[in-house]
Asks: 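Shown below is the structure under consideration.
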Amino acid sequence: MVHTSATYSEVKQLLSDAKLLDRDRVKLSASNKSDLINVNLSDAVKNGVIPKHKVAALVQNAEENGKQHVFYFKAKSRTVANKYSKTSTIGKQLFTKKELASFPLFVEMPREYKWIDFRTQETGNLSNDVVWMAKAAGVEQVEVTLDSNQRIDSTRFAIVKQLEDARVVLVALLRSSGLLEIRVSQVDVGGDKFIQIYDHFIAMLGDAIDMDDFEYLDFDVVRKNLFNRRVRNAKLYELGNARLRDLANGSAQIVTSGRGDRLSNEPIRIEAVKSYLKEGRVLDSLVVFFLKNSKINGLEEKDVRIVVGPRRSTAERNEVFVSAQATRATMDYVTAQLIKFSK
């Protein structure tokens, strides 16, 4: 599971930390990620230099943060937030005593969606403002391209694909503010299937959570504020592609030319968005690049690209897509910024 969840740099950092304690029995150099895990990390665990619980934490942090669709809901009242903050009640409603005692489960490819973890502030490995986190996992089949240009004869080429199993991780977490996050792994299964996965997870949570007690975080306001405040926050973020929706439910999209190009690089793009907003139209989807700048915003790892707005024909309009693997601190930062720009 370390192979599929953690990045090379995350495994390397775990080994680097261990090497500070035992230089002789921890090896850092490896020709590839596979060797780093199968040889270096495996040896460090066998030698007792790296405890198994640290490897478990590595997997947890990696698969729970980034490469996800995140749906944000806020409790309708403080009373509701307090109701769902009672971790013992949530645990009893969602899980049997046997399940609670077995967590965390590390099942790489569960054949059906099942609960694999439930953590609270008491059990640890959560951000300070997260009251509880429940996690499920399952498997979906996805198409993987083996050869995009296989020659058949002098004039014909073929695309060769095969079906492979892909692990899907589903996370629900409640923050002390009453913000509920539903996170679904990025997996290329098509829009209809994605909605089925999402709906199934909401049903799994239904024994403990009534979604009528929550409302969407208003992303129309978030996107509009991100656009209108872009100049004063130029050191915090940059904007990319934008999709605009008119009153007839039609849309216009401004697409940047590629890596490094931003919405503000061509003034007419900004004017187009302004024109739509001035006429009461909606900024329906917006790509945001939060910039690495630890002195200003504490974002230390790297720039983070997110899409604020629905990427598929789903009824849920409170969606953020985080395209790359991220750390827990980065996801906390993204959430804090979305809350900031919702006001």
Asks: Could you walk me through whether Asn61 and Thr327 satisfy the side chain to side chain contact (heavy atoms under 4.5 Å, CB included) test, starting with their C-alpha distance in whole Å, then the side-chain angles of each, then the deciding distance to 0.1 Å, before giving a yes or no?
Replies: CA-CA 7 Å; Asn61 295 340; Thr327 64; over 6 Å; no

Asks: Around atom CG of Asp188, are there more than 12 heavy atoms from other residues, nucleotides or ligands closer than 6.0 Å?
Replies: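 Incorrect, the count does not exceed 12.
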
Asks: Are Ile159 and Val142 joined in one hydrophobic group, where the rule is that I, L, V, M, F, W and Y side chains link up if heavy atoms are under 4.5 Å apart?
Replies: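 Different clusters: Ile159 never reaches Val142 through Ile, Leu, Val, Met, Phe, Trp or Tyr contacts under 4.5 Å.
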
Asks: Do side-chain atoms of Thr120 reach the backbone of Glu122 as a donor and acceptor pair under 3.5 angstrom?
Replies: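 Yes: the side chain of Thr120 pairs with the backbone of Glu122.
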
Asks: Quick one: are Glu238 and Leu291 in side-chain contact, heavy atoms under 4.5 Å?
Replies: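 With C-beta onward as the side chain, the pair touches.
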
Asks: Within a 6.0 Å radius of atom CG on Leu20, are there more than 12 heavy atoms belonging to other residues, nucleotides or ligands?
Replies: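 Enclosed: over 12 neighbouring heavy atoms sit under 6.0 Å from CG of Leu20.
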
Asks: Within a radius of less than 6.0 Å around NZ of Lys67, do more than 12 heavy atoms belonging to other residues, nucleotides or ligands occur?
Replies: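 It does not: Lys67 NZ has 12 such atoms or fewer within range.
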
Asks: Are Lys12 and Leu28 side-chain neighbours, meaning at least one heavy-atom pair lies under 4.5 Å?
Replies: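 A side-chain contact exists here, since the closest heavy-atom pair is under 4.5 Å.
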
Asks: Minimum heavy-atom separation for Val139 to Pro110, with atom names?
Replies: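 Scanning both residues completely, I find the closest heavy atoms to be CG2-O, 3.2 Å.
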
Asks: Is it possible for you to say whether Ile270 and Val255 belong to one hydrophobic cluster, with membership spreading through side-chain heavy-atom contacts below 4.5 Å?
Replies: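 They do not share one cluster, since no chain of ILVMFWY contacts under 4.5 Å joins Ile270 to Val255.
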
Asks: Is it true that a side-chain atom of Arg119 and a backbone atom of Asn125 form a donor plus acceptor pair closer than 3.5 Å?
Replies: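 Looks like yes, one N/O pair under 3.5 Å.
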
Asks: Nearest 0.5 Å please: distance from the CG atom of Leu173 over to the CZ atom of Arg183.
Replies: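 Interatomic distance, Leu173 CG to Arg183 CZ, rounded to 0.5 Å: 5.0 Å.
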
Asks: Minimum heavy-atom separation for Asp246 to Ser251, with atom names?
Replies: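 Of all heavy-atom pairs spanning Asp246 and Ser251, the closest is OD2-N, 4.4 Å.
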
Asks: Can you confirm whether more than 12 heavy atoms, excluding those of Glu112, are under 6.0 Å from its CD atom?
Replies: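 Counting other residues, nucleotides and ligands, CD of Glu112 stays at 12 neighbours or fewer.
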
Asks: What's the shortest heavy-atom distance between Tyr8 and Lys33, and which atoms?
Replies: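 Of all heavy-atom pairs spanning Tyr8 and Lys33, the closest is CD1-CA, 3.6 Å.
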
Asks: Students often mix this up, so state it plainly: with edges at 30° and 60°, are the rings of Trp115 and Phe201 parallel, tilted or perpendicular?
Replies: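 Tilted, since the angle between the ring planes falls between 30° and 60°.
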
Asks: Can you confirm whether the side chains of Asp17 and Gln13 place a donor and an acceptor under 3.5 Å from each other?
Replies: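 There is such a pair between these side chains.
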
Asks: Is there a side-chain contact between Glu319 and Val70, using heavy atoms and a 4.5 Å cut-off?
Replies: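 Counting from C-beta outward, Glu319 and Val70 never come under 4.5 Å.
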
Asks: If I compare all heavy atoms of Ser185 with all of Val169, which pair ends up nearest, and what's the gap?
Replies: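 It is OG-N, 2.8 Å.
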
Asks: Treating Asp147 as the side-chain partner and Val160 as the backbone partner, does any N or O pair qualify as donor plus acceptor under 3.5 Å?
Replies: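 No; judged by distance alone, with no hydrogens or angles, the pair does not exist.
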
Asks: Counting C-beta onward and ignoring hydrogens, is there a side-chain heavy-atom pair between Val45 and Ser42 closer than 4.5 Å?
Replies: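 Sidechains of Ser42 and Val45: no contact.
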
Asks: I'd like to know if Asp220 pairs up with Arg223 as an ion pair, taking the criterion as any Lys NZ or Arg NE/NH1/NH2 lying under 4.0 Å from an Asp or Glu carboxylate oxygen.
Replies: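 Looking at Asp220 and Arg223, the cut-off is met.
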
Asks: Donor-acceptor pair, distance only, cut-off 3.5 Å: does the side chain of Asn32 make one with the backbone of Ser34?
Replies: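 Checking the backbone N and O of Ser34 against the side chain of Asn32, a donor-acceptor pair under 3.5 Å is found.
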
Asks: In sequence, state the C-alpha distance, the side-chain angles, and the governing distance for Asn233 and Phe341, and then conclude on side chain to side chain contact (heavy atoms under 4.5 Å, CB included).
Replies: CA-CA 11 Å; Asn233 290 290; Phe341 284 97; 3.9 Å; yes

Asks: Specify whether His200 and Tyr113 have parallel, tilted or perpendicular ring planes, treating 30° as the upper limit for parallel and 60° as the lower limit for perpendicular.
Replies: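 Rings of His200 and Tyr113: tilted, as their planes differ by 30° to 60°.
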
Asks: So does Lys19 have more than 12 non-hydrogen atoms from other groups sitting under 6.0 Å from NZ?
Replies: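 More than 12 heavy atoms, drawn from other residues, nucleotides or ligands, come within 6.0 Å of this atom.
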
Asks: Counting distance only, does the side-chain N/O of Asn40 pair as donor-acceptor with the main-chain N or O of Ser29 below 3.5 Å?
Replies: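 Yes: the side chain of Asn40 pairs with the backbone of Ser29.
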
Asks: Which value, rounded to the nearest 0.5 Å, describes the distance between Leu247 atom CG and Arg281 atom CZ?
Replies: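 The CZ atom of Arg281 is 3.5 Å from CG of Leu247, to the nearest 0.5 Å.
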
Asks: Charged N to carboxylate O under 4.0 angstrom, Lys74 versus Asp218?
Replies: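 Looking at Lys74 and Asp218, the cut-off is not met.
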
Asks: Would Val222 and Phe219 count as a side chain to side chain contact (heavy atoms under 4.5 Å, CB included) here? Give the steps.
Replies: CA-CA 5 Å; Val222 172; Phe219 277 1; 3.8 Å; yes

Asks: For Tyr198 and His69, I'd like to know if the aromatic rings sit close, meaning centre-to-centre distance below 6.0 Å.
Replies: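 For Tyr198 and His69, the ring centres are not under 6.0 Å apart.
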
Asks: Are Leu338 and Val221 connected, step by step, through hydrophobic side chains (Ile, Leu, Val, Met, Phe, Trp, Tyr) whose heavy atoms are closer than 4.5 Å?
Replies: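 Hydrophobic grouping puts Leu338 apart from Val221.
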
Asks: Looking at the rings of Phe289 and Tyr237, which for Trp means the six-membered one, are their centres under 6.0 Å apart?
Replies: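 Between Tyr237 and Phe289, which both carry aromatic rings, the centre distance is not below 6.0 Å.
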
Asks: Are Arg269 and Asp261 within salt-bridge range, i.e. N to O under 4.0 Å?
Replies: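 Counted as a salt bridge, because a side-chain N and a carboxylate O are separated by less than 4.0 Å.
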
Asks: Using modelled atom types only, decide if a donor and an acceptor are shared between the side chain of Tyr84 and the backbone of Asp210 within a distance under 3.5 Å.
Replies: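 Yes, because the side chain of Tyr84 sits within donor-acceptor range (under 3.5 Å) of the backbone of Asp210.
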
Asks: With rounding to the nearest 0.5 angstrom, report the OG1 to CG distance, Thr330 to Asn65.
Replies: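 Rounded to the nearest 0.5 Å, the OG1-CG separation comes to 8.5 Å.
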
Asks: Distance check, rounded to the nearest 0.5 Å: Leu286 atom CG versus Leu239 atom CG?
Replies: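 Answer for the CG-CG pair, Leu286 versus Leu239, is 5.0 Å.
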
Asks: Once you round to the nearest 0.5 Å, how far does CG of Leu180 lie from CZ of Phe71?
Replies: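 CZ of Phe71 is found 12.0 Å from CG of Leu180.
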
Asks: Taking Ser275 for the side chain and Glu271 for the main chain, is one N or O donor matched with an acceptor at less than 3.5 Å?
Replies: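 Not at all, since once roles are kept as given, no pair shorter than 3.5 Å links the two residues.
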
Asks: Quick one: do Glu143 and Leu163 satisfy side chain to side chain contact (heavy atoms under 4.5 Å, CB included)? Show the steps, please.
Replies: CA-CA 5 Å; Glu143 280 190 351; Leu163 290 174; 3.8 Å; yes

Asks: Spell out, yes or no, whether Leu174 and Ile90 are grouped together once hydrophobic residues are joined by side-chain heavy atoms under 4.5 Å, including indirect joins.
Replies: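 Hydrophobic grouping puts Leu174 with Ile90.
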
Asks: Considering residues at least two apart in sequence or located in another chain, which fulfil the side chain to side chain contact (heavy atoms under 4.5 Å, CB included) criterion with Ser127?
Replies: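 Result, side chain to side chain contact (heavy atoms under 4.5 Å, CB included) vs Ser127: Asp129, Val130, Arg328, Asp332.
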
Asks: Considering only NZ, NE, NH1 and NH2 on the basic side and carboxylate oxygens on the acidic side, decide whether Arg175 and Glu181 come within less than 4.0 Å.
Replies: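 Yes, Arg175 and Glu181 are salt-bridged.
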
Asks: Does a side-chain heavy-atom distance below 4.5 Å link Asp199 with Gln196?
Replies: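 They are not in side-chain contact.
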
Asks: Less than 4.5 Å apart, any side-chain heavy atom of Ile50 and any of Val55?
Replies: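 Touching, per the 4.5 Å side-chain cut-off.
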
Asks: Under a 3.5 Å distance rule, please check whether Asn318 uses its side chain to pair with a backbone N or O of Tyr72 as donor and acceptor.
Replies: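 Indeed, once roles are kept as given, a pair shorter than 3.5 Å links the two residues.
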
Asks: Atom CZ of residue position Arg78 - does it have more than 12 heavy atoms of other residues, nucleotides or ligands inside 6.0 Å?
Replies: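 It does: Arg78 CZ has more than 12 such atoms within range.
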
Asks: Under 3.5 Å, side chain of Gln253 to main-chain N/O of Ala242, donor-acceptor pair present?
Replies: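 Judged by distance alone, no pair lies under 3.5 Å.
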
Asks: Examine Phe118 and Met133 and state if one hydrophobic cluster contains both, with Ile, Leu, Val, Met, Phe, Trp and Tyr joined whenever side-chain heavy atoms are less than 4.5 Å apart.
Replies: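 No, no single cluster joins them.
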
Asks: What pair of heavy atoms forms the shortest contact from Ile254 to Ala272, and how long is it?
Replies: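 That would be CD1-CB, 3.9 Å.
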
Asks: Are Lys135 and Phe103 packed together at the side-chain level, in the sense that at least one heavy-atom pair is separated by less than 4.5 angstrom?
Replies: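 No. Closest side-chain heavy atoms not under 4.5 Å.
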
Asks: To the nearest 0.5 Å, what is the distance between CZ (Arg230) and CG (Asn225)?
Replies: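 If we round to the nearest 0.5 Å, Arg230:CZ and Asn225:CG are 12.5 Å apart.
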
Asks: For the backbone of Leu58 and the side chain of Gln60, can you confirm whether one donor and one acceptor N or O come within less than 3.5 Å of each other?
Replies: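 Here the side-chain-to-backbone pair does not exist.
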
Asks: Can you confirm whether Asp43 sits close enough to Lys27 that some side-chain heavy atom of one is under 4.5 Å from a side-chain heavy atom of the other?
Replies: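 Result no, sub-4.5 Å side-chain heavy-atom pair not found.
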
Asks: If you count the non-hydrogen atoms of other residues, nucleotides and ligands that lie under 6.0 Å from NZ in Lys76, is the total more than 12?
Replies: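 Result for NZ/Lys76: enclosed.
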
Asks: What heavy-atom pair brings Val307 and Ser285 nearest, and what distance separates the two atoms?
Replies: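 What the structure gives for the nearest pair is CG1-OG, 3.5 Å.
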
